[in-house]
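Taking it in order: structure first as structure tokens, then the write-up.
Here is how names work: the chains are called A, B, and so on, in the same order as the sequence lines, proteins then strands, and each is numbered from 1.
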Amino acid sequence: MRLLHWECWCAFIGFAITLTFVLFPGPYEMAVFTFVAQPLFAIAAVSYLCKVFLDLRSRKLV
Amino acid sequence: MRIDYIHLVYLFGTLFCLLGISLCIRTARTRFGKLQDAPPVSLWITRLPAESAAKLIAFGALIVLPAGAVFIANYHTFEGVHEVGGCASCHVMRPMVNDMQDPNSGTLAARHYKNKWIAENQCYQCHSDYGFSGNMEAKMTGFRHLARYTTHTYKEPITARVRFNNQNCLNCHQGTLKFEAVQSHHTAGSRLASNEMICLNCHGQAHPTSIQRTPGSADYSRLMEPFR
């Protein structure tokens, strides 16, 4: 089972946007990084941490 | 060779992002349920069970590398907006920047620029309050401007929503011989400190007037020339 499939694609898009902004800075690239890439990273990280927590709880480790 | 912040941003930003992309692809294709029987993986100086290695890679791809990439990109944002070119990259700012760099202009910004009263980052020096809280406020205002600019939800000429903080002027001018020699600075000292009275009341226009910056005005095309 691919447990972290969509989280990885969210982070992938975030990295692609961040790379574009780092190499070609401009107002539009900055806006896409600020208002799209950062939330995508945050969503992916929160979902990942939730899955880790649920996994640990299912093993009765927390 | 002098290494500037921008070179480090390019290097580490590219490194973090490319590594992040490759680890994300790898993690997205990992079937965690089938890793129990897989052979151990050599990772740098150690050997780990395949499942542990995959979890470690997922942690790197979804937590460590995004945090690094976000830090570098935000550093790039905050450093980049200090430069005059950063302000000029939004075309609504061109009138202010072009006027500031015009040797024939008599505005306060132009006089500071041509006399080199501020050596570098001229926009930022006057438009960002010093101190952590002031700077954060300036950054939040910057994000609002970014959203308005990129979604085209603004009207020309743009107008300032916040009252200019005199402290930005006083940080450099207060205590200098020239400043202290003027009696009105002492008379209005408390009103200047509390922003009840602004420096521009006596010291003229800081930037081109809103009439000059209105599309169709006589000065508009000159002020809107691309940034040099």
Query raised in the report: Checking A:Ile13 against chain B: side chain, backbone, both or neither under 4.5 Å from a heavy atom?
Result: neither

Report task. Quick one: do B:Phe16 and A:Val22 satisfy side-chain contact (heavy atoms from CB on, under 4.5 Å)? Show the steps, please. Result -> CA-CA 11 Å; B:Phe16 274 56; A:Val22 165; over 6 Å; no

Report summary line: Under 4.5 Å to a heavy atom of chain B? For A:Phe21 that would be both

**Report entry** Nearest-0.5 Å distance, CG of residue B:Leu18 to CZ of residue A:Phe15
**Finding:** 10.0 Å

Requested in this report: Name the option with the most non-hydrogen atom pairs under 4.5 Å to chain B; the candidates are A:Tyr48, A:Phe41, A:Trp9.
Outcome: A:Tyr48

Query raised in the report: What part of A:Thr18 gets closer than 4.5 Å to chain B, counting heavy atoms only: side chain, backbone, both or neither?
Result: both

Query raised in the report: Does a sphere of radius 6.0 Å around OH in B:Tyr5 hold more than 12 heavy atoms from other residues, nucleotides or ligands, not counting ones at 6.0 Å or beyond?
Result: yes

**Report entry** Nearest-0.5 Å distance that lies between atom OH in B:Tyr149 and atom CE in A:Met30
**Finding:** 12.0 Å

**Report entry** Neighbour count >12 (heavy atoms, 6.0 Å) for atom CZ, B:Phe12
**Finding:** no

Query - Shortest non-hydrogen contact between A:Pro27 and B:Ser89, atoms and distance - result: CG-O, 3.7 Å

Query raised in the report: Contact part of A:Phe35 toward chain B, heavy-atom cut-off under 4.5 Å: side chain, backbone, both or neither?
Result: side chain

Query raised in the report: Are there more than 12 heavy atoms of other residues, nucleotides or ligands under 6.0 Å from atom CZ of A:Arg57?
Result: no

Query - Part of B:Leu65 within contact of chain A (heavy atom distance under 4.5 Å) - result: both

**Report entry** Over 12 foreign heavy atoms within 6.0 Å of CZ, B:Arg144
**Finding:** yes

Requested in this report: Identify the residues of residues 103-110 of chain B whose heavy atoms come closer than 4.5 Å to a heavy atom of chain A, ordered by number, or report 'none'.
Outcome: none

Query raised in the report: Just wondering, more than 12 heavy atoms not from A:Leu23 lying within 6.0 Å of its CG?
Result: yes

Report summary line: When every non-hydrogen atom of B:Ala28 is compared with those of A:His5, the smallest separation belongs to O-ND1, 3.2 Å

Query raised in the report: If you round to the nearest 0.5 Å, how far is CD of A:Glu29 from OG1 of B:Thr77?
Result: 11.5 Å

**Report entry** Contact residues of residues 52-64 of chain B (partner chain A; heavy-atom separation under 4.5 angstrom)
**Finding:** B:Lys55, B:Ala58, B:Phe59, B:Ala61, B:Leu62, B:Ile63

Query raised in the report: Rounded to the nearest 0.5 Å, what separation is found between the OG1 atom of B:Thr14 and the CG atom of A:Leu19?
Result: 5.5 Å

Report task. Step through the shown structure and confirm whether more than 12 heavy atoms of other residues, nucleotides or ligands are within 6.0 Å of CG on B:Asp37. Result -> no

**Report entry** Side chain to side chain, B:Asn74 and A:Gln38, heavy atoms closer than 4.5 Å
**Finding:** yes

